[in-house]
2 protein chains.
Amino acid sequence: MSAPTPRHTPETRSRILDAAEELFVEHGFEATSMRMITSQAGVNLAAINYHFGSKDALIQEVFRRRLTELNRQRLAMLDKLEADAGGAPLKPSRIVEAFFGTALVLAADTEHGGHTFMRLLGRTYTEPNAFVRQFLAEEYAEVLERFLGALYRSLPDVPREEILWRFHFMMGAMSYAIAGTDALQLFAGKFDDADPARLLPRLMSFLLGGLRAPLAEYAARPAGRRGRSAAA
Amino acid sequence: MSAPTPRHTPETRSRILDAAEELFVEHGFEATSMRMITSQAGVNLAAINYHFGSKDALIQEVFRRRLTELNRQRLAMLDKLEADAGGAPLKPSRIVEAFFGTALVLAADTEHGGHTFMRLLGRTYTEPNAFVRQFLAEEYAEVLERFLGALYRSLPDVPREEILWRFHFMMGAMSYAIAGTDALQLFAGKFDDADPARLLPRLMSFLLGGLRAPLAEYAARPAGRRGRSAAA
DNA sequence: GAATGATTCAAACGTTCGTTTTAATTGTAC
DNA sequence: GTACAATTAAAACGAACGTTTGAATCATTC
């Protein structure tokens with residue numbers, strides 16, 4: 001009849017990380033206090049500073065533990081694509097799928113916090129907090145270099161500047177699609193079918209349509225071939 | 001030789017709003033303190049509570065003064081389109097231009113704070129703060145209703161659900177394009193040409209490409225016409 | 001120029017924040 | 001069981017937060 005409650009919980013670290021992840025999504029970094037986190041995690045207030053050192057270090061660890069794995073998957077998928085192609089240029093759609101598909105699969109995982117984390121990540125791309133931006137930039141440096149390089153080789157006739165912009169737009173559409181779907185109430189009550197599993201084909205179709213759109217022309221530029229397509 | 005400094009500044013309100021707008025973009029709502037705002041505006045700390053009542057009310061006013069005008073322009077442009085068409089359905093591209101073009105024009109205005117505000121607005125679509133979301137939803141209700149209705153009539157064969165999703169994606173691409181360009185350092189040093197004036201054609205081309213993309217098919221659904229286009 | 005209402009000012013309010021400190025408790029090896 | 005290091009616990013720290021107060025200053029009207 002003794003209480004089955006475990007006296008010693010070595011998973012204190014992960015309980016803090018899980019609680020922080022949820023609360024950061026719900027309230028943001030600044031509005032989430034250490035006391036809110038430790039309270040939800042069921043641990044002592046001082047545990048955060050003991051295990052992580054500071055609140056900022058905790059924020060970093062919340063991202064690091066998931067982002068490292070996500071970017072590893074992305075790179076592995078790109079490696080496989082390039083290996084299978086054997087030197088031939090990749091189809092742009094394959095590259096886009098490798099980058100955004102992995103993220104969307106993670107976002108569709110509502111069981112193990114993947115959905116929660118992707119909502120957080122999507123919002124954080126525009127996070128004003130300086131050290132968070134710095135940290136994200138470092139985590140993304142290699143992945144961005146690899147995928148942009150692959151796209152450049154895949155679309156040799158499209159100016160790199162334009163590829164860069166369109167990749168930027170695609171990241172925006174994805175981030176917002178994930179972060180904004182249930183966060184913002186702009187479209188409240190309008191979505192009958194917000195199934196995360198269906199988000200992938202919907203978004204992928206949109207992204208590829210945007211990537212393949214005719215390049216914009218400027219009045220200031222010498223008018224070349226009008227409306228040539230960016231991606232086959 | 002007397003100091004030309006004006007003793008009484010009736011523009012205290014607008015100085016506070018301008019300072020708040022800039023600081024909110026740079027640091028976010030929570031990380032921007034009343035003391036930072038009043039200090040940058042050169043006014044007394046108590047001035048915010050005197051003129052606006054509270055920090056939350058100030059945040060609302062920062063959005064209201066610009067958003068009301070932006071949405072007025074959007075509706076006026078849609079009114080004109082519908083008047084010129086005389087009952088005929090509008091081209092989807094015109095509707096999209098009316099909604100996103102006005103926002104991008106404002107975002108290109110670096111002289112009068114329009115660019116600053118649009119960066120702030122773009123980030124705020126995913127803002128966790130509850131009352132900000134609520135306020136934004138109210139400000140956008142009429143405009144969204146009108147533009148979505150126009151798109152529904154313009155694309156009668158496309159399921160409304162899909163139009164809704166694509167509008168959602170388009171808002172994401174735009175928000176991120178504006179909010180993330182200089183906020184996030186992910187693409188730091190990669191953009192040679194970040195001219196806001198060129199953002200409009202670049203983004204518009206991408207958005208229309210996404211809107212016109214073939215609709216996604218699901219394995220679970222009965223395979224109808226494959227890859228029919230969403231917008232002409 | 002005195003009276004009035006609007007605005008600005010310096011100072012303080014109580015609360016909450018992230019962090020630190022010190023003691024108690026735990027699991028592990030002797 | 002005792003020693004030891006790791007972890008948890010309770011309490012307090014100074015700093016910063018949004019807000020309020022009451023007096024001083026302003027522009028305006030008689």
Side-chain angles (χ1 to χ4, degrees), chain A residues 2-63 127-132 134-135, chain B residues 2-63 127-132 134-135:
Chain A
S2 71
T5 313
R7 305 287 185 82
H8 185 238
T9 57
E11 72 272 18
T12 300
R13 268 184 64 99
S14 56
R15 298 186 57 184
I16 292 175
L17 288 171
D18 291 342
E21 193 173 70
E22 283 185 25
L23 289 168
F24 286 158
V25 166
E26 198 171 347
H27 304 102
F29 299 127
E30 307 272 355
T32 302
S33 70
M34 313 269 282
R35 286 163 180 83
M36 289 165 68
I37 298 170
T38 51
S39 161
Q40 169 148 331
V43 303
N44 187 268
L45 169 61
I48 290 182
N49 281 290
Y50 176 79
H51 284 282
F52 300 96
S54 68
K55 183 182 181 182
D56 281 1
L58 168 64
I59 295 176
Q60 280 195 228
E61 184 58 23
V62 166
F63 282 95
E127 167 72 30
N129 191 315
F131 99 92
V132 175
Q134 165 74 19
F135 169 73
Chain B
S2 72
T5 315
R7 304 287 185 80
H8 185 239
T9 56
E11 72 271 18
T12 300
R13 267 184 66 99
S14 56
R15 298 186 57 184
I16 292 175
L17 288 171
D18 291 342
E21 193 173 70
E22 283 185 26
L23 289 168
F24 286 158
V25 166
E26 199 171 348
H27 305 103
F29 299 128
E30 307 272 355
T32 301
S33 70
M34 313 270 282
R35 287 163 178 84
M36 289 165 68
I37 298 171
T38 52
S39 160
Q40 169 149 331
V43 303
N44 187 270
L45 168 61
I48 290 181
N49 281 288
Y50 177 78
H51 284 281
F52 300 96
S54 69
K55 183 183 180 180
D56 280 2
L58 168 64
I59 295 176
Q60 279 196 231
E61 184 58 24
V62 165
F63 281 96
E127 166 72 30
N129 190 315
F131 98 91
V132 174
Q134 165 75 17
F135 170 74

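Per chain, numbering begins at 1; letters A, B, ... match sequence-line order. The analysis underlying the following values was restricted to heavy atoms, covering all of them including side chains, and did not include hydrogens, waters or symmetry mates.
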Starting at [atom1] of [X] and ending at [atom2] of [N], how long is that distance when rounded to a whole Å?
{"X": "B:Ile48", "N": "C:dT8", "atom1": "CD1", "atom2": "P", "result": "12 Å"}
{"X": "A:Leu23", "N": "C:dC17", "atom1": "CG", "atom2": "P", "result": "12 Å"}
{"X": "A:Ile16", "N": "C:dT19", "atom1": "CD1", "atom2": "P", "result": "13 Å"}
{"X": "A:Ile37", "N": "C:dT19", "atom1": "CD1", "atom2": "P", "result": "10 Å"}
{"X": "B:Arg13", "N": "C:dT8", "atom1": "CZ", "atom2": "P", "result": "11 Å"}
{"X": "B:Phe52", "N": "D:dT20", "atom1": "CZ", "atom2": "C1'", "result": "18 Å"}
{"X": "A:Leu45", "N": "C:dA24", "atom1": "CG", "atom2": "P", "result": "19 Å"}
{"X": "A:Asn49", "N": "D:dA10", "atom1": "CG", "atom2": "C1'", "result": "15 Å"}

At under 4.0 Å, does any side-chain N or O of [X] touch on OP1 or OP2 of [N]?
{"X": "B:Ser33", "N": "D:dA16", "value": "no"}
{"X": "A:His51", "N": "D:dT8", "value": "yes"}
{"X": "B:Asn44", "N": "C:dA10", "value": "yes"}
{"X": "B:Thr12", "N": "C:dT8", "value": "yes"}

Spell out, as yes or no, whether a donor-acceptor pair under 3.5 Å connects the side chain of B:Thr32 to the backbone of B:Leu23. yes
Is it the case that the side chain of A:Lys55 and the backbone of A:Ser33 share a donor-acceptor pair, with hydrogens and angles ignored and the cut-off at 3.5 Å? no
Smallest heavy-atom separation, A:Ser54 atom then A:Ile48 atom, equals O-CG2, 4.4 Å
If we only count heavy atoms from C-beta on, is the B:Phe131 to B:Ile59 side-chain gap below 4.5 Å?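 Yes; the side chains approach each other to less than 4.5 Å.
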Taking C-beta and beyond as the side chain, do A:Glu61 and A:Arg13 meet within less than 4.5 Å on heavy atoms? yes
DNA chain D nearest-nucleotide lookup for A:Arg35 and A:Tyr50: closer to the 5′ end is A:Tyr50
For A:Ala46 and A:Ala31, find the nucleotide of DNA chain C closest to each by heavy atoms; which residue's nucleotide sits nearer the 5' end?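 The residue mapped nearer the 5' terminus is A:Ala31.
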